[in-house]
2 protein chains.
Amino acid sequence: MATGRTHRPATRSRGIPEATVARLPLYLRALTALSERSVPTVSSEELAAAAGVNSAKLRKDFSYLGSYGTRGVGYDVEYLVYQISRELGLTQDWPVVIVGIGNLGAALANYGGFASRGFRVAALIDADPSMTGKPVAGIPVQHTDDLETIIEENGVSIGVIATPAGAAQQVCDRLVAAGVTSILNFAPTVLSVPDGVDVRKVDLSIELQILAFHEQRKAGEETTGDGTVDTAPPAAPPAATVRRTDGTDSGPDGDVPAVMPA
Amino acid sequence: MATGRTHRPATRSRGIPEATVARLPLYLRALTALSERSVPTVSSEELAAAAGVNSAKLRKDFSYLGSYGTRGVGYDVEYLVYQISRELGLTQDWPVVIVGIGNLGAALANYGGFASRGFRVAALIDADPSMTGKPVAGIPVQHTDDLETIIEENGVSIGVIATPAGAAQQVCDRLVAAGVTSILNFAPTVLSVPDGVDVRKVDLSIELQILAFHEQRKAGEETTGDGTVDTAPPAAPPAATVRRTDGTDSGPDGDVPAVMPA
DNA sequence: CCATCTTTGTGCACACGTTCACAAAGGCAT
DNA sequence: ATGCCTTTGTGAACGTGTGCACAAAGATGG
């Protein structure tokens with residue numbers, strides 16, 4: 001009913017910028033690799049290179065967490081691993097349920113990255129009765145009917161949706177009603193959720209389309225005949241006069257001017 | 001001072017903001033759904049609701065493409081579908097290769113979202129010889145040895161990496177050398193690529209960690225925050241005299257951690 | 001103890017993205 | 001036609017993110 005507003009003032013004086021939060025896992029991964037090689041300290045320059053970011057950005061990011069570095073030396077790897085882990089909430093265990101055990105859901109269940117940090121697959125749930133009891137990644141699939149019970153008994157607050165698009169909103173509603181407050185959505189649909197529930201979306205199709213846009217730009221726009229122009233000709237413009245802000249109109253196609261890429 | 005840095009504004013060129021490009025697929029999906037229901041026109045308000053964004057943002061996004069709406073009426077659905085498709089480069093066919101046919105790679109190959117819009121799985125590639133020839137999603141897996149040939153013969157410019165982290169950079173280098181200029185990376189590693197190559201990353205672990213951060217924050221708001229109830233004891237504070245281990249200098253790139261399971 | 005060198009932490013300026021608010025544009029009824 | 005009503009397109013204000021550049025902080029060596 002209500003449009004899901006993820007809007008949230010948040011970010012008080014103590015709040016960490018969202019962009020920084022999104023990079024913390026990146027730093028953590030690089031630091032973990034250093035830790036496994038028993039590297040005691042690391043400079044912002046080195047760590048930034050490993051994480052693929054600017055060193056100034058990294059230092060500013062860390063400044064939001066506190067002053068954990070030592071000037072002239074760098075950062076203590078173990079200490080920083082702990083601080084970031086704590087900030088991200090990875091020092092506790094997060095039970096997770098995966099709903100929709102198709103190709104993708106099964107792949108997610110088998111993905112080692114889940115268990116590696118604080119996340120534990122508490123249950124696999126699918127609507128297909130023939131799947132019930134069948135083990136996937138060593139965990140027996142349970143039926144959707146028991147969704148609410150599973151959530152409550154395991155204290156699950158993070159749910160992963162890997163169902164077809166048509167079922168996603170319904171599953172989402174049930175998850176939220178049962179107490180889930182964070183959702184990772186793999187279904188190609190926009191989910192509406194009440195305030196206080198976080199949704200993150202992973203959409204393969206969208207990522208590819210973004211790449212295609214840049215790819216097209218790189219290829220230069222003049223030669224359209226490179227591939228197969230299999231799509232229908234341009235649809236009829238709206239009934240009224242088509243107005244263009246661009247004066248260089250030379251026809252239905254070829255109006256995107258070439259722009260120097262980088 | 002007086003460095004006279006020649007930073008040309010250039011923002012007024014025909015470049016579409018990156019944030020807008022990232023939303024175009026979202027609009028396109030909503031429009032396609034409307035098209036299938038034979039809805040002739042749609043207002044910015046309605047479409048924005050369907051796409052889960054602000055209507056002002058949507059109108060501004062569309063304004064970068066041109067004036068395709070009709071005041072007092074809205075947007076012609078079919079026309080807009082075509083315009084966005086063209087802008088995203090979806091009016092042509094994009095052959096894609098998937099490298100690394102494990103759990104995730106197989107799931108990606110089976111994912112219907114690929115074929116739905118302009119993207120065609122041209123080949124599946126895996127390093128395991130026992131996989132070679134085995135059909136996945138109706139396509140026989142080919143061996144990594146033939147990677148370069150496959151890329152060139154099919155004119156592939158978009159590659160999907162679903163290998164373990166340890167192999168990702170090597171695969172990436174070969175893809176780029178063979179002519180791929182856009183990469184969608186599912187391996188939990190930072191890829192380095194030359195200029196002109198686009199990389200987009202999809203990382204399940206990172207998404208979960210971001211959710212965990214917000215989840216922890218929500219839990220802390222209720223219970224007086226502070227949250228010192230965690231498990232592991234804090235690591236030692238930054239040690240004073242830490243001497244740099246100089247012998248382990250491995251150059252600018254300290255990669256190849258190889259910490260991913262299958 | 002002092003000089004020097006390295007590296008952090010951050011003020012500042014700029015670029016990018018979002019939202020508001022409203023004039024202009026067009027349809028529609030009379 | 002004319003006037004009203006709806007909705008777009010966009011200028012401007014505001015907020016967020018990024019990168020430079022440098023002073024402060026601490027280590028290191030004499």
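Order of the sequence lines sets the chain letters (A, B, ...), proteins ahead of strands, with each chain counted from 1.
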S.K.: Give the rounded distance in Å between these two atoms: CG of B:Leu24 and P of C:dG17.
M.R.: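 Taking CG of B:Leu24 and P of C:dG17, I get 13 Å after rounding.
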S.K.: Without decimals, in angstroms, what is the distance between A:Leu65 CG and C:dT10 C1'?
M.R.: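 My rounded result for the distance is 15 Å.
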S.K.: Do the side-chain N and O atoms of B:Glu36 and B:Thr32 include a donor-acceptor pair separated by under 3.5 angstrom?
M.R.: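 There is no such pair between these side chains.
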S.K.: Between the base of C:dG17 and the side chain of B:Lys60, is one N or O donor paired with an acceptor at under 3.5 angstrom?
M.R.: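 Not at all, since no donor on one side and acceptor on the other fall under 3.5 Å apart.
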S.K.: Among C:dT18, D:dG26, C:dT10, which nucleotide sits nearest the side chain of B:Arg23?
M.R.: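 From the listed options, C:dT18 comes nearest.
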S.K.: How many whole angstroms separate atom OH of B:Tyr68 from atom C1' of D:dG9?
M.R.: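 Result: 14 Å.
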S.K.: Can you check whether any acceptor in the base of C:dT7 is under 3.5 Å from a donor in the side chain of A:Arg71, or vice versa?
M.R.: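 Checked by distance alone, the answer is no.
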S.K.: Looking only at side-chain N and O atoms, does A:Asp61 offer a donor or acceptor that is under 3.5 Å from a partner on A:Thr20?
M.R.: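 Checked: A:Thr20/A:Asp61 side chains pair up, N/O donor to acceptor below 3.5 Å.
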S.K.: So, applying side-chain hydrogen bond (donor to acceptor under 3.5 Å, both in side chains) with B:Asp198, which one of A:Arg217, A:Lys218, A:His214 is it?
M.R.: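 Among A:Arg217, A:Lys218, A:His214, the one that satisfies the side-chain hydrogen bond (donor to acceptor under 3.5 Å, both in side chains) with B:Asp198 is A:Lys218.
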S.K.: In whole Å, what is the span from the CG atom of B:Asp76 to the C1' atom of D:dT8?
M.R.: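 Whole-Å distance recorded here is 15 Å.
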S.K.: Heavy-atom nearest nucleotide on DNA chain D for A:Asp61 versus B:Gly72: which residue maps closer to 5'?
M.R.: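 Nearer the 5' end of the strand: B:Gly72.
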S.K.: For atom CD of B:Glu18, is the number of surrounding heavy atoms from other residues, nucleotides or ligands below 6.0 Å larger than 12?
M.R.: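 Yes - once you tally the heavy atoms of other residues, nucleotides and ligands closer than 6.0 Å, there are more than 12.
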S.K.: Could you state the atom-to-atom distance from CG of A:Leu47 to P of C:dT8 in whole Å?
M.R.: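 For the pair A:Leu47 CG and C:dT8 P, the rounded distance is 10 Å.
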S.K.: Find which nucleotide of DNA chain D each of A:Asn54 and B:Val73 is nearest to by heavy atoms, and output the residue with the more 5' nucleotide.
M.R.: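 Its nucleotide being nearer the 5' end, the pick is B:Val73.
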S.K.: To the side chain of A:Ala19, which of D:dA27, D:dC20, D:dG17 is closest?
M.R.: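 Comparing D:dA27, D:dC20, D:dG17 against the side chain of A:Ala19, the answer is D:dG17.
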S.K.: From NZ of B:Lys57 over to C1' of C:dG17, roughly how many Å is that when rounded to an integer?
M.R.: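 Computing the B:Lys57:NZ to C:dG17:C1' distance gives 8 Å.
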S.K.: Determine: side-chain N/O of A:Tyr75 to OP1/OP2 of C:dG9, distance under 4.0 Å, yes or no.
M.R.: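 Answer yes for this pair, as a side-chain N or O of A:Tyr75 is under 4.0 Å from OP1 or OP2.
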S.K.: Take the protein atom CG of B:Leu58 and the nucleotide atom P of D:dT10, then report the distance between them rounded to whole Å.
M.R.: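 Going from CG in B:Leu58 over to P in D:dT10 covers 14 Å.
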S.K.: Between B:Ser43 and D:dT7, is there a side-chain N or O to OP1/OP2 distance below 4.0 Å?
M.R.: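 For B:Ser43, the contact criterion (side-chain N or O under 4.0 Å from OP1 or OP2 of D:dT7) is not met.
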S.K.: Can the ring centroids of B:Tyr68 and B:Tyr79 be said to lie less than 6.0 angstrom from one another?
M.R.: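 Close enough - the centres of the two rings lie under 6.0 Å apart.
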S.K.: If you check the A:Arg59 side chain, which of D:dA27, D:dA21, C:dA21 turns out closest?
M.R.: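 Nearest to the side chain of A:Arg59 among the choices is D:dA21.
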